[in-house]
Colleague: 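If you scroll down you'll find the structure; I have some questions about it.
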Amino acid sequence: MAVARLSGAWIYQVLTEQYPEGVLRRTLLDHFAVLLVSSRSSRGAKGRLARRLYGRLLGLQKRGRIVQEGGIVRSLGSVRKARNPEPQLGPGLERLLFRALLAEDGQGDGHTPRMLADARLAFISGALEGGWTLAQAGAALGVDAPQAAQILGLRGVPLEKK
């Protein structure tokens with residue numbers, strides 16, 4: 001499998017040309033899996049592709065080229081800078097984000113709504129410990145700040161640091 005060929009430019013091109021109204025992240029993964037994963041690929045090839053795709057989508061989102069909301073990926077027509085760029089994802093946070101996105105997309109056997117809630121909670125908690133704001137952590141998951149607060153179980157807590 002040639003995962004290294006999966007570039008942000010290619011993903012953006014596919015989004016703008018084939019899915020101008022937006023597409024489910026899982027459908028986008030399946031689109032690239034058909035092209036890049038063959039029957040001769042080793043086990044776990046689609047999971048490695050998912051990891052690369054999610055990373056590239058996060059990079060495109062940080063640059064303000066796409067938006068991810070509720071598992072749906074949409075391209076933005078104009079190139080503009082992100083207003084509040086997120087702090088860097090370390091390996092631990094990247095792993096937690098990958099698990100949350102994978103659980104949301106329902107890849108693999110045994111993913112349950114409880115696992116999704118636990119994975120989202122683990123990512124948001126880790127991001128907050130790493131200095132992210134609640135809104136930034138929620139945006140990385142594709143949810144808004146009130147939904148991120150609901151995932152944490154917070155009510156009436158300020159959403160931004162002062």
Side-chain angles (χ1 to χ4, degrees), residues 1-77 79 82 85-132 136-144 147-148 151-152:
M1 179 183 77
V3 177
R5 289 190 230 155
L6 186 63
S7 67
W10 185 22
I11 295 168
Y12 187 72
Q13 179 184 4
V14 167
L15 282 172
T16 57
E17 292 176 2
Q18 295 185 4
Y19 305 106
E21 299 86 29
V23 63
L24 286 172
R25 194 172 37 243
R26 167 119 188 209
T27 305
L28 190 62
L29 174 62
D30 291 339
H31 172 87
F32 286 111
V34 167
L35 299 172
L36 297 174
V37 178
S38 70
S39 60
R40 294 177 44 184
S41 296
S42 62
R43 284 188 55 131
K46 190 171 181 182
R48 289 188 299 277
L49 177 66
R51 182 179 300 270
R52 178 65 60 102
L53 176 66
Y54 295 163
R56 296 289 187 228
L57 288 174
L58 186 61
L60 288 170
Q61 183 176 351
K62 284 181 180 179
R63 288 193 300 266
R65 308 235 13 223
I66 66 167
V67 63
Q68 299 184 69
E69 294 174 344
I72 298 175
V73 181
R74 290 186 180 87
S75 66
L76 298 175
V79 178
E86 290 89 16
Q88 292 294 327
L89 271 176
L93 267 182
E94 187 176 350
R95 188 177 319 111
L96 291 173
L97 178 61
F98 174 72
R99 287 181 182 161
L101 294 177
L102 198 63
E104 182 177 325
D105 290 348
Q107 292 291 317
D109 297 329
H111 287 288
T112 62
R114 182 73 206 159
M115 288 177 66
L116 173 62
D118 291 344
R120 283 180 164 179
L121 178 64
F123 173 74
I124 291 175
S125 298
L128 291 176
E129 289 172 6
W132 292 41
Q136 290 170 331
L141 282 176
V143 298
D144 57 10
Q147 288 173 321
I151 290 169
L152 283 176

Colleague: Minimum heavy-atom separation for Ser75 to Tyr12, with atom names?
Modeller: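 Taking Ser75 first and Tyr12 second, the nearest heavy atoms are CB-CE1, 3.8 Å.
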Colleague: For residues Leu97 and Leu93, determine if any side-chain heavy atom of one lies less than 4.5 Å from a side-chain heavy atom of the other.
Modeller: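 No, their side chains stay 4.5 Å or more apart.
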Colleague: How far apart are the closest heavy atoms of Leu28 and Tyr19, and which atoms are they?
Modeller: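 Smallest heavy-atom distance, with atoms named: CD1-CE1, 4.3 Å.
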Colleague: Please name all residues satisfying side chain to side chain contact (heavy atoms under 4.5 Å, CB included) with Ala148, sequence neighbours left out, ordered by chain then number.
Modeller: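 With sequence neighbours excluded, Ala148 shows a side chain to side chain contact (heavy atoms under 4.5 Å, CB included) to Ile124, Leu134, Val143, given in chain and number order.
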Colleague: Please list all pairs meeting salt bridge (Lys or Arg N to Asp or Glu O under 4.0 Å) that have one or both residues in residues 31-41, counting only residues at least two apart or in different chains.
Modeller: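 Sorted result for residues 31-41: empty, none.
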Colleague: Less than 4.5 Å apart, side chain to side chain, heavy atoms only: is that true for Phe123 and Trp132?
Modeller: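 Yes; the side chains approach each other to less than 4.5 Å.
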Colleague: List for me each residue that meets side chain to side chain contact (heavy atoms under 4.5 Å, CB included) alongside Glu129, sequence neighbours excluded, and say none if there are none.
Modeller: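 Per chain and number, Glu129 pairs via side chain to side chain contact (heavy atoms under 4.5 Å, CB included) with no residue.
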Colleague: Between Glu69 and Val67, is any pair of side-chain heavy atoms under 4.5 Å apart?
Modeller: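 They are in side-chain contact.
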Colleague: State, with a plain yes or no, whether a side-chain heavy atom of Leu15 is found less than 4.5 Å away from one of Trp10.
Modeller: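 No. Closest side-chain heavy atoms not under 4.5 Å.
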Colleague: Just so I know, are the side chains of Glu21 and Arg74 near enough to count as touching, which here means a heavy-atom distance under 4.5 Å?
Modeller: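 Counting from C-beta outward, Glu21 and Arg74 never come under 4.5 Å.
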Colleague: Atom CZ of Arg26 and atom CD1 of Ile72: how far apart are they, to the nearest 0.5 Å?
Modeller: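 Result: 15.0 Å between the selected atoms.
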Colleague: side-chain contact (heavy atoms from CB on, under 4.5 Å) between Tyr54 and Leu49: does it pass, once the steps are laid out?
Modeller: CA-CA 9 Å; Tyr54 295 163; Leu49 177 66; over 6 Å; no
Colleague: Taking only residues two or more places apart in sequence or in another chain, which ones pass side chain to side chain contact (heavy atoms under 4.5 Å, CB included) with Asp118?
Modeller: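 With sequence neighbours excluded, Asp118 shows a side chain to side chain contact (heavy atoms under 4.5 Å, CB included) to Arg114, given in chain and number order.
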Colleague: Can you sort out the partners of Leu116 under side chain to side chain contact (heavy atoms under 4.5 Å, CB included), two or more places apart, ordered by chain and number?
Modeller: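 If we apply the side chain to side chain contact (heavy atoms under 4.5 Å, CB included) test to Leu116, skipping adjacent residues, the hits are Ala103, Glu104, Arg120.
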Colleague: Evaluate the side-chain proximity of Leu76 to Ile66: yes if any heavy-atom separation is below 4.5 Å, no if none is.
Modeller: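 Ile66 vs Leu76: side chains apart.
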Colleague: Kindly give the heavy-atom pair with the smallest separation between Leu101 and Leu141, and that separation in Å.
Modeller: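 Closest approach of Leu101 to Leu141: CD2-O, 4.4 Å.
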Colleague: Does any pair with a residue in residues 89-100 pass side-chain hydrogen bond (donor to acceptor under 3.5 Å, both in side chains), and if so which ones, sequence neighbours excluded?
Modeller: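 The answer is none; no pair qualifies.
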Colleague: Between Ser41 and Val37, is there a donor-acceptor pair closer than 3.5 Å when you use the side chain of the first and the backbone of the second?
Modeller: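 No, because the side chain of Ser41 does not come within donor-acceptor range (under 3.5 Å) of the backbone of Val37.
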